[in-house]
Number of protein chains: 2
Amino acid sequence: MAITFRQLEIFIAVAETQQVTRASKKLILTQSAVSMALGELENQLGGPLFDRHGRSLLLNDRGRYLLPLSKAILHQVANIETILTEQQGVVAGVLEIVASSTIGNYVLPYLIGAFMRMHPEAHINMLVVNTMTAEKLVATGQADLGFVEGDINVDALIATSWFEDELGIIVSSTHKLAGHSTFKIPEDLKETSWVMREEGSGTAEIFTKKLGRHASLLKVVTKTGHTEAIKKAVESGVGAACLSMLAVCREAEEGWLKILPIEGMDMSRQLWIIQHKDKIITRLMAEFLRFCEVVAASHLGRECLASPWKLQSLLEKYKIDQESSRSSEGSRDITDE
Amino acid sequence: MAITFRQLEIFIAVAETQQVTRASKKLILTQSAVSMALGELENQLGGPLFDRHGRSLLLNDRGRYLLPLSKAILHQVANIETILTEQQGVVAGVLEIVASSTIGNYVLPYLIGAFMRMHPEAHINMLVVNTMTAEKLVATGQADLGFVEGDINVDALIATSWFEDELGIIVSSTHKLAGHSTFKIPEDLKETSWVMREEGSGTAEIFTKKLGRHASLLKVVTKTGHTEAIKKAVESGVGAACLSMLAVCREAEEGWLKILPIEGMDMSRQLWIIQHKDKIITRLMAEFLRFCEVVAASHLGRECLASPWKLQSLLEKYKIDQESSRSSEGSRDITDE
DNA sequence: AAATAGTATCAGTTGGATTGATGTCAACGT
DNA sequence: ACGTTGACATCAATCCAACTGATACTATTT
């Protein structure tokens with residue numbers, strides 16, 4: 001048999017009280033139980049942990065070595081117990097989520113950061129993949145939640161709409177279209193060179209699909225795999241590009257890029273949260289979903305989540321929600337008026 | 001009942017194999033045992049750790065949170081076990097020693113440092129006290145070993161002689177006696193001012209006792225409680241002092257102070273190692289005692305333990321001892337000839 | 001529909017942990 | 001010197017948690 005928690009507990013009690021008898025009282029056990037448990041532990045560890053002269057027990061060097069270590073271990077266990085036991089209250093655990101490119105790069109990092117700051121015992125891992133892979137991972141249970149753009153067609157999943165993202169034409173502030181307030185199709189199309197994502201990107205596909213018969217007018221000068229590279233290229237004047245507002249709002253706010261809506265064309269697309277149909281929803285998952293809901297409800301979908309104070313106001317909102325949901329536990333209301 | 005090591009072990013096995021059945025094979029248990037243990041753990045922790053769809057078990061967020069923590073705990077336990085179990089081989093534990101002033105300040109720190117560097121799993125705490133307190137602490141078992149100067153008169157203790165320390169007269173290099181090779185009594189006594197330790201110091205007592213009838217000739221200009229202060233005072237020319245070689249060898253080697261033996265008078269005193277009569281001698285204690293023995297045997301008692309390369313040669317000697325004592329375990333001899 | 005391969009659960013057994021009683025030893029008081 | 005006290009160790013008996021073997025249940029595969 002191996003060494004036991006109980007044995008460590010008993011060992012610590014004896015070491016601290018310096019007596020088997022006192023320890024037994026503290027532990028509400030008989031003296032003999034303590035004595036035997038201690039003996040057993042000493043057996044397991046191949047030698048005594050105390051020096052015994054007459055009626056006194058004193059830690060020897062091995063015991064002194066063991067004492068802090070065993071205390072540390074028991075503390076850790078106690079921590080685990082309290083954190084995992086109190087599903088009420090603390091939000092704890094490790095959530096695995098997957099997200100498609102735009103969301104994963106430009107939205108979730110901020111949200112995850114904010115969420116984890118508010119719940120230190122929680123941890124969220126994110127994997128950025130394409131929509132299909134995301135579906136698969138959520139369907140097989142390897143991920144708890146997915147955040148995607150495209151439509152879903154796996155029936156083991158349920159998808160709830162999150163918020164709408166909008167695509168826009170971006171040009172550098174020195175571009176000849178920078179002065180315009182909208183992008184007109186097909187007029188402006190002819191005179192523009194384009195920087196595109198490589199095939200397989202949701203953003204690029206939507207763009208060409210929406211263009212329909214005008215798609216043939218696209219003069220593509222560069223294709224690249226990374227959104228950041230596209231932004232850099234556009235910024236340096238290579239051409240225009242079609243990207244999600246989420247990806248470029250920061251640069252637009254700073255004035256480095258200009259965003260043009262396309263006249264007469266709805267360039268919005270729905271973002272979805274997907275989860276397994278019959279997966280049990282844990283406290284942490286529920287909390288994160290609620291957080292995401294608040295984000296969506298705040299109409300911040302169309303605003304820049306990367307700017308600190310908008311995120312801040314978001315957190316306020318979330319916290320208030322949190323308070324009100326806790327007020328059922330008897331805490332007083334916060335009425336500052 | 002509380003959560004168990006075994007449960008954590010089983011939990012880890014299941015998490016890693018992703019199956020109760022596979023885990024049960026790995027653990028050499030029945031499938032039902034594993035299933036029940038897992039169920040019990042989930043009970044203890046107030047909720048599931050896995051998502052169960054059909055025949056597959058997948059960690060949920062709580063489980064993912066628990067997994068690394070429980071692994072860490074089991075590792076710690078395994079460490080404790082191996083370190084404390086293999087009394088053969090590794091020297092581990094925490095040794096409490098007490099030492100009187102001179103030894104504690106000028107000898108043991110170096111030895112302890114060297115020893116702990118050679119035995120990373122061992123730790124030695126030292127307390128510097130007077131001889132009487134040292135006796136008491138060792139007698140009551142609050143300390144494992146004592147290193148003292150005076151004679152011992154508690155019969156629960158055994159004292160073994162360690163090495164001889166020598167007292168010498170120290171003067172600054174610019175002192176009028178600095179050119180002499182010895183200190184002559186009583187001639188030189190008349191013309192010298194003295195810096196002394198306050199009463200209660202072993203060193204000061206020995207000096208006056210040895211002087212006997214000449215003690216009245218001492219012109220004491222300063223008394224101070226700290227050896228370092230005495231050295232500083234002597235260095236700056238206030239007067240001469242009588243101190244242990246151990247305390248001043250470094251300054252003497254550097255030429256900052258001059259040491260004069262007293263002509264025709266044996267100024268050596270015995271240093272002792274004391275331990276409780278019937279305390280069990282653990283591996284660590286034995287090892288440290290052997291180390292101290294080597295130090296004494298090296299005749300280095302009269303040399304400066306603070307100088308790096310002397311300590312180095314000491315370590316070599318100790319290591320060779322160590323090798324030869326291990327050769328009984330079947331390792332080949334080291335014969336480099 | 002049957003076979004397969006996994007999990008959960010039940011009743012029975014075993015062994016470690018606990019108890020209560022007893023033995024032993026050292027410290028202390030008379 | 002002797003008995004008393006207060007501590008630890010040990011023994012036999014008990015109890016309960018952990019394990020086994022069998023069975024029921026469920027999802028997947030054929």
Side-chain angles (χ1 to χ4, degrees), chain A residues 1-11 13-45 47-60 63 139-141 154-156 276-280, chain B residues 1-11 13-45 47-60 63 139-141 154-156 276-280:
Chain A
M1 226 273 311
I3 159 177
T4 310
F5 272 142
R6 202 74 222 279
Q7 289 170 351
L8 293 185
E9 250 170 46
I10 290 175
F11 163 71
V14 174
E16 284 182 342
T17 58
Q18 311 215 351
Q19 274 191 196
V20 171
T21 307
R22 276 204 287 265
S24 72
K25 280 173 190 154
K26 193 167 154 185
L27 297 164
I28 317 181
L29 277 178
T30 26
Q31 173 267 326
S32 74
V34 174
S35 179
M36 288 176 113
L38 190 58
E40 180 56 25
L41 180 62
E42 289 180 319
N43 253 19
Q44 297 295 331
L45 296 178
L49 298 163
F50 290 88
D51 265 339
R52 289 148 229 244
H53 317 106
R55 64 173 77 172
S56 77
L57 282 195
L58 269 164
L59 275 179
N60 67 11
T140 60
V154 178
D155 62 352
H276 196 106
K277 188 158 47 83
D278 42 27
K279 182 160 198 152
I280 287 168
Chain B
M1 224 274 312
I3 160 178
T4 312
F5 273 144
R6 200 74 223 277
Q7 290 171 352
L8 293 185
E9 248 170 49
I10 290 176
F11 163 70
V14 174
E16 284 182 343
T17 59
Q18 312 215 346
Q19 272 192 195
V20 171
T21 308
R22 275 204 288 266
S24 73
K25 279 173 192 156
K26 192 167 155 186
L27 296 164
I28 317 182
L29 277 176
T30 40
Q31 173 267 327
S32 73
V34 173
S35 181
M36 288 175 112
L38 190 58
E40 180 56 25
L41 180 63
E42 289 181 317
N43 252 19
Q44 298 296 331
L45 295 178
L49 298 164
F50 291 87
D51 265 339
R52 287 148 230 245
H53 315 107
R55 64 173 77 171
S56 76
L57 285 194
L58 269 165
L59 275 179
N60 67 12
T140 60
V154 177
D155 62 353
H276 196 106
K277 189 156 49 79
D278 40 28
K279 182 159 199 152
I280 287 168

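Hydrogens, waters and symmetry mates are skipped; everything else that's a heavy atom, side chains included, is used. A, B, ... follow the sequence lines: proteins, then strands. Residue 1 opens every chain.
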Nucleotide [N], atom [atom2] - distance to [atom1] of [X] in whole Å:
X	N	atom1	atom2	result
A:Leu58	C:dA26	CG	P	16 Å
A:Met36	C:dA21	CE	P	16 Å
A:Glu40	C:dG15	CD	P	15 Å
B:Leu38	C:dG6	CG	C1'	14 Å
A:Leu27	C:dA17	CG	P	15 Å
B:Ile10	C:dT7	CD1	P	14 Å

Using side-chain heavy atoms (C-beta onward) and a distance below 4.5 Å, is [X] in contact with [Y]?
X	Y	answer
A:Leu58	A:Gln18	yes
B:Leu41	B:Ile10	no
A:Gln44	A:Glu40	yes
A:Arg6	A:Leu29	yes

The side chain of [X] lies closest to which of these nucleotides: [options]?
X	options	answer
B:Ser35	C:dT9, C:dA17, C:dT19	C:dT9
A:Leu29	C:dT19, D:dC8, D:dT20	C:dT19
B:Arg52	C:dT18, C:dT7, D:dC19	C:dT7

So does B:Gln31 reach the base of C:dA8 with its side chain, donor to acceptor, closer than 3.5 Å? yes
Answer yes or no: side-chain N or O of A:Ser32 and base N or O of C:dG20 forming a donor-acceptor pair under 3.5 Å.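 In this structure, the two groups form a donor-acceptor pair.
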Near-strand residues of residues 17-24 of chain A, defined as heavy-atom separation under 4.0 angstrom from DNA chain D: A:Gln19, A:Val20, A:Thr21
Heavy-atom nearest nucleotide on DNA chain C taken for A:Thr30 and for B:Ala33; more 5' hit belongs to B:Ala33
